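Atoms within a ligand are numbered from 1 in the order they appear, just like the ligands themselves. Keep in mind the model is a prediction, meaning the values are calculated, not measured.
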Amino acid sequence: QYTDPHCGGKQVIVHLFEWKWTDIALECERFLSKKGFCGVQVSPANEHVMVTSPPRPWWERYQPVSYKLQSRSGTEAEFADMVSRCKAVGVRIYVDVILNHMAGLGRNGTGTAGSTFNSDLFDFPGVPYIKEHFNEVCPLNSYNDAHTIKDCYLVGLTDLDQNISYVRDKIAAFLNTLIDYGVAGFRVDAAKHMWTKDIAAIQQNVKDLPEGGRPFFYHEVIDQSNGPVTTQQYTSLGYVTEFRYCQKIKEGIEGFDRLGGVVDYGWGMTDSDHAFVFVDNHDNQRGHGGGGAIITFEKPINYRLAVAFTLANDYGFTRVMSSYYFGENSDLGPPHDINFLTKDVPFNADESCGNEWVCEHRWASIANMVAFRNAVVGTQKQNYFNKNNQIAFSRGNKGFFAMSRSGHMDETLQTGLPAGQYRDLINGRMVTVGSDGTARIQIDNPQEPVLAIIIGSDS
Ligand code: AAO
């Protein structure tokens, strides 16, 4: 329950962080559908505060003013158009929803849809919410106590009381509106800070998708095996973010010959059927919510190796990050003009992105691994090879993957595949698998140091 993403068995979501709805619709049609992406995680779609100091940071979208669908990414009409155009080409939309809180204490004014609000008075007429719908004010000053984590004010954000049926109903109505537009599921922001019984009650009030089935839910719970709130407490509610993986993959990539143990479950990591897995996210790539031990686009070769391995591997449900450049300014909002209107995502001749958008999801070692993961779903890792900063393995008799830190590799390896000719999905070289299943595996591209072949990739 709540674990089916409703995308025809496809396996990879991309987070188009801060993209406008109009650009996402185009990206579904021109790229994501062709590469086999399951769907897109979109930035929060509902009305939010507009922060002036610092000037229009990305994080203003995590301070809701109402559930009206007008945000920095676009209007309600543009949202509706995006959802249906993506769905028409088999790409689903998953909305980042903020159910834990409204805007931060000390903030007031007008939101992106024109609603007034005053956090210190707990007045959000656009919903409406009033004081009785919030928990008593207390600082979230300890991560050792579940009551403090769940009932106090995360970085001063006005904390809704989801035990109140009125609050549950308003939240469920918001989610149901999104479902009516055709979204397939939700990333639940700050789920760690809500009681699971309240989330369960809200999810029960959410309708089935129009095509049938329960919506997909994945919950943001940062569990580093050092607090009372664990990912396992949430697995009955859908998938749960597995932040330990971000650290594991970094250690594995930097100590290549240890990568075999990248997912050892040794830290109580979430079971594969509920682990929501990613190399970095919009917080930790810029030092929010667990920065530091993370690989990001700033180290492009290591990043390609990390994401390619993650997509080749057999652990969890995967999300690929797609970012914009921010340099040293971790508050910096998306690329914008002088009026803070978000810029379009233009494309260069080589399909890379302009206007300061990074577009990791278009890098060959990442984009072309989506087809690999889709093709090998349900198979085991076998024929593991790990030597001289090179790694390779097969996935049942469906696919074979190899990567090399140096970008060069020339080894004869067991692929587990039937004899035949296969075309490398990344660099295009033909690979000949003999009747004994072995093949000469060659990589010769330090920029895209990955090789992947799948059943049916021979044309
Ligand atoms: C902004 C301003 C604040 C201001 C506030 C209200 O920055 O100064 O007080 O407005 O006016 C985002 C930004 C925030 C921003 C907020 C609202 O990141 O800076 O605040 O929007 O605009 C915790 C939560 C987790 C959360 C994460 C950032 O558990 O849910 O903090 N992530 C989500 C979103 C995020 C968003 C929000 C939630 C709020 O993805 O973008 O915030 O909607 C420990 C805990 C974690 C905790 C981290 C960070 O983690 O375990 O639960 O995450 O600390 O506080 C090691 C440890 C690990 C530790 C980690 C980080 O890895 O092992 O346990 O380091 O220290």
Practice prompt. With heavy atoms only and a cut-off of under 4.0 Å, state how Asp189 meets ligand 1: side chain, backbone, both or neither.
Written response: side chain
Worksheet item: With no hydrogens and no angle check, is any side-chain donor or acceptor of Gln233 less than 3.5 Å from a backbone partner on Thr230?
Response: yes
Discussion item. Less than 4.0 angstrom from a charged side-chain N to a carboxylate O is my criterion; do Asp180 and Lys207 meet it?
Written reply: yes
Worksheet item: Where on Phe243 is there a heavy atom closer than 4.0 Å to ligand 1, on the side chain, on the backbone, on both, or on neither?
Response: neither
Worksheet item: Taking the side chain from His274 and the backbone from Tyr218, do they hold a donor-acceptor pair closer than 3.5 Å?
Response: no
Worksheet entry | Test item: side-chain donor near acceptor, Ser406 and Ser404, under 3.5 Å | yes
Item to complete: Measure from atom 14 (C) of ligand 1 to every heavy atom in Arg187, His219, His288 and give the option owning the shortest one.
Response: His288
Item to complete: Compute the shortest N/O to N/O distance between Glu60 and ligand 1 and return yes if it is under 3.5 Å, no if not.
Response: no
Worksheet item: So which bit of His193 gets within less than 4.0 Å of ligand 1, heavy atoms only: side chain, backbone, both or neither?
Response: side chain
Discussion item. For His101, state whether at least one heavy atom is located under 4.0 Å from any atom of ligand 1.
Written reply: yes
Worksheet entry | Residue part near ligand 1, for Asp223, under 4.0 Å between non-hydrogen atoms | neither
Discussion item. Keeping His288 on the side-chain end and Trp59 on the backbone end, is there a donor-acceptor pair under 3.5 Å?
Written reply: no
Discussion item. Using a plain distance cutoff, I'd like to know if Leu105 has any nitrogen or oxygen under 3.5 Å from a nitrogen or oxygen of ligand 1.
Written reply: no
Discussion item. Give the atom numbers and elements of ligand 1 that come within less than 4.0 Å of a heavy atom of Arg107.
Written reply: 11 (O)
Worksheet, complete the sentence: ligand 1 atoms nearer than 4.0 angstrom to some heavy atom of Asn226 are 63 (O), 64 (O)
Worksheet item: Nearest to atom 20 (O) of ligand 1 by heavy atom, Ile98, Val155, Val49, Leu154: which?
Response: Val155
Worksheet item: Is a donor on one side and an acceptor on the other found under 3.5 Å between the side chain of Arg373 and the backbone of Val12?
Response: no
Worksheet item: With a 4.0 Å heavy-atom cut-off (strictly under), which part of Trp58 contacts ligand 1: side chain, backbone, both or neither?
Response: side chain
Worksheet item: At a non-hydrogen distance cut-off of under 4.0 Å, which region of Asn281 contacts ligand 1 (side chain, backbone, both, or neither)?
Response: neither
Worksheet item: Any chance the side chains of Tyr303 and Asp280 put a donor and an acceptor closer than 3.5 Å?
Response: yes
Discussion item. Looking at Lys343, I'd like to know if its NZ atom is crowded, meaning that more than 12 non-hydrogen atoms belonging to other residues, nucleotides or ligands lie closer than 6.0 Å.
Written reply: yes
Worksheet item: Can you name the one residue among Tyr234, Tyr94, Tyr2, Phe216 that meets ring pair (Phe, Tyr, Trp, His ring centres under 6.0 Å) with Tyr239?
Response: Phe216
Practice prompt. Below 4.0 angstrom from a heavy atom of Ala190, which ligand 1 atoms are there? Numbered from 1 as shown, please.
Written response: 30 (O)
Practice prompt. Output the distance between atom CD (Gln162) and atom CE (Met194), rounded to the nearest 0.5 Å.
Written response: 5.5 Å
Discussion item. I want to confirm something. Looking only at heavy atoms, which of His282, Gln224, Arg286 is nearest to atom 63 (O) of ligand 1?
Written reply: Gln224
